[in-house]
Amino acid sequence: MTTNDQKTGGGVLAGLKVLDLAHHYSAAFAGVLLADLGADVTVVEHPQGNVLRGMLPQRHGVPLWSTLVGRNKGNISLKLSEPRGQELLRRLATEYDVLIENFRPGTLERWGLGPDDLAAAGADLVMLRVSGYGQSGPKSARPGFGGAAEAMSGLTQMTGPEGGNPILLSTAIADGAAGTFGALGVLAALWQRASARAGGEPRRPGVEVVDIALFEGVFRLIPTQIVEYDQCGIIPGRSGSVREHGVIRGVYRAGDGVDFCVSSVGPRAIRRMLESIAADSLVAELDQDVLGEGEDAVVDFVTRSEKAFTAWAAGSSWAEVAAALDRTGMVYERVHTVADIAEDEHFLAREDVVTAHDPILGEVRMPGIVPKFSGFHHEVRTTGKQVGADNETLYGALLDLTPAELAALRGEGVI
């Protein structure tokens, strides 16, 4: 990979120092988003490793989850449940701008590491707290993972075949959404602090908490669920097409077995879809404003349109389908497998699939860095490091611990 990071100061977030206590994907993802954009992120990991190191897949004993979410981060080990470890963490926190954690609410407070404890020790930072149900509310003390979050958010109720049972998605969408919103919250809090300083407003140093629950990220991504229920009394169900919205959106199969998605939002797009298959009678109905004749008429029209489109696709090759949809300006895309993605020229041109070097695995392909910036180019500088890889360097530089002191701490199981 090429980079011009040296010309642009190392990344758009260069100079931001982040202490990452995450031991699950959601908060670790927030940390890697900041690290990818140039922040100086240091993972604080249990000496025996965190949960991610025990997850599959692995290769040559290397956990690929850690390889990915630990990229571009330093790594020190520290046992936070030990009094000596807690003392070291309080000292470390005074050297950082941001702290990220995802313990169950109350855990850090029990260890003397809550926001008030860190502020009393002299920390002046933004603390991102990611948990299953948030720091407040009647469920806040409960443990939570992504599946439960998806179920609570409304997403699971809407996912699955029409008339079938609800299903969970096949990827950690709740964790990723919470991590993304968490990183956004961190940047918003930092902006507020910077604005106050720039405006000369007095501000007491301390710890400002950004609180995100796992279910909240996915819930916020579902656009009309609440307002539709409030105003129309509708509980969204499971369907390949959101018919009550006058939208045709689904996955179809060409005659040679290629799966593809079509999204037709609004009358103009639906008209293009029908013109693609030369469904003149349906186009005529659309021109007579069938979509304005009430929900029953809309459902009937969309059902017949989908049936016609499905039959046309099944009788056409993928090349014929793509040519017809291109001709009318349809929004469509072939359903990609990861094998397709790895070689896709558009992914590669935008550096959305990149290659990084791992000391054990060698060359590793992984997702690139998003978003893109006109004045900066960011790159994967390192893959996830081994537990405690930077103990000597960082503990020595930040806390002036000597090799003998570090050896003693290691012998006591603190680091």
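Atom OH of Tyr229 has 12 or fewer heavy atoms from other residues, nucleotides or ligands within 6.0 Å. Sparse packing is recorded around CD of Glu345, with 12 or fewer heavy atoms of other residues, nucleotides or ligands lying under 6.0 Å away. Atom CD of Glu109 is surrounded by more than 12 heavy atoms from other residues, nucleotides or ligands within 6.0 Å. Heavy-atom neighbours of Phe145 CZ from other residues, nucleotides or ligands within 6.0 Å: at or below the threshold of 12. More than 12 heavy atoms of other residues, nucleotides or ligands shown are found within 6.0 angstrom of CG on Leu399.
The CG atom of Asp352 sits 14.0 Å away from the CE atom of Met366 when rounded to the nearest 0.5 Å. Rounded to the nearest 0.5 angstrom, Glu306 CD and Tyr252 OH are separated by 3.5 Å. Glu363 contributes atom CD, which lies 10.5 Å from atom CG of Leu361 (distance to the nearest 0.5 angstrom). A distance of 11.0 Å separates CG in Leu128 from CG in Leu21, rounded to the nearest 0.5 Å. Note that NE2 of His23 and CG of Leu52 are 9.0 Å apart. Values are rounded to the nearest 0.5 Å. Here the straight-line distance linking atom OG1 of Thr383 with atom NZ of Lys385 works out to 9.5 Å at 0.5 Å rounding.
A salt bridge links Asp259 with Arg253; the closest basic N to acidic carboxylate O contact falls under 4.0 Å. Remark: Glu285 engages Arg304 in a salt bridge, criterion side-chain N to carboxylate O under 4.0 Å. Ionic pairing of Arg90 and Asp117 is not present here: no N-O contact between side-chain nitrogen and carboxylate oxygen is shorter than 4.0 angstrom. Ion pairing between a basic and an acidic side chain is recognised when a charged N comes within 4.0 Å of a carboxylate O; Glu162 and Arg238 show no such pairing.
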From CA spacing to verdict: salt bridge (charged side-chain N to carboxylate O under 4.0 Å, His left out), Lys372, Glu351 = CA-CA 10 Å; Lys372 320 300 183 188; Glu351 294 187 322; over 6 Å; no
How far apart are the C-alpha atoms of Ile100 and Leu34, what are their side-chain angles, what is the distance that settles it, and do they pass the side-chain contact (heavy atoms from CB on, under 4.5 Å) test?
-> CA-CA 11 Å; Ile100 297 172; Leu34 302 177; 4.3 Å; yes
Check the pair Ile234, Gln225 against side-chain contact (heavy atoms from CB on, under 4.5 Å), reporting the backbone distance first and the verdict last.
-> CA-CA 8 Å; Ile234 293 174; Gln225 174 179 223; over 6 Å; no
Using the side-chain contact (heavy atoms from CB on, under 4.5 Å) rule, take Thr42 and Asn75 through it: C-alpha gap first, then chi angles, then the decisive distance, then the call.
-> CA-CA 5 Å; Thr42 301; Asn75 188 295; over 6 Å; no
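Scanning both residues, Ala324 and Ser276, for their nearest heavy atoms gives O-OG, 3.7 Å. Here the closest heavy-atom approach between residue Leu80 and residue Gly85 is recorded as CD2-O, 4.3 Å. Closest approach of Thr94 and Ala123 over heavy atoms only: CG2-N, 3.8 Å. Between Ala254 and Ser317, the shortest heavy-atom contact is CB-C, 4.1 Å. Here the shortest heavy-atom pairing between Val210 and Ala189 reads CG2-CB, 4.1 Å. When all heavy atoms are compared, the tightest approach of Val41 to Gly31 is CG2-O, 3.8 Å.
A donor-acceptor pair is defined here as one N or O able to donate and one able to accept, closer than 3.5 Å; no such pair exists between the side chain of Ser77 and the backbone of Pro47. In terms of modelled atom types and a separation under 3.5 Å, the side chain of His378 and the main chain of Phe376 share no donor-acceptor contact. For the pair Thr67 (side chain) and Pro63 (backbone), a donor-acceptor distance under 3.5 Å is present. At least one donor-acceptor pair under 3.5 Å links the side chain of Thr337 to the backbone N or O of Ala339. Under the 3.5 Å distance criterion, the side-chain polar atoms of Thr303 are matched with a main-chain donor or acceptor of Val299. A donor-acceptor pair under 3.5 Å is absent between the side-chain atoms of Thr224 and the main chain of Val227, judged by distance alone. The backbone N or O of Leu168 sits nowhere less than 3.5 Å from a side-chain atom of Glu150 that would complete a donor-acceptor pair. Looking only at distances, no side-chain donor or acceptor of Lys73 sits under 3.5 Å from a matching main-chain atom of Asp40. A donor-acceptor contact shorter than 3.5 Å is absent between the side chain of Asp97 and the backbone of Leu16. A distance-only check finds no donor-acceptor pair linking the side chain of Glu320 to the backbone of Gly315 [under 3.5 Å].
Leu118 pairs in a side-chain contact (heavy atoms from CB on, under 4.5 Å) with only one of the listed residues (Leu89, Leu108, Asp124), which is Leu89. Partner of Arg271 under the salt bridge (Lys or Arg N to Asp or Glu O under 4.0 Å) criterion, chosen from Asp280, Asp289, Asp287: Asp287.
Between Asn72 and Asp36, the side chains place a donor N or O and an acceptor N or O closer than 3.5 Å (distance only, hydrogens not considered).
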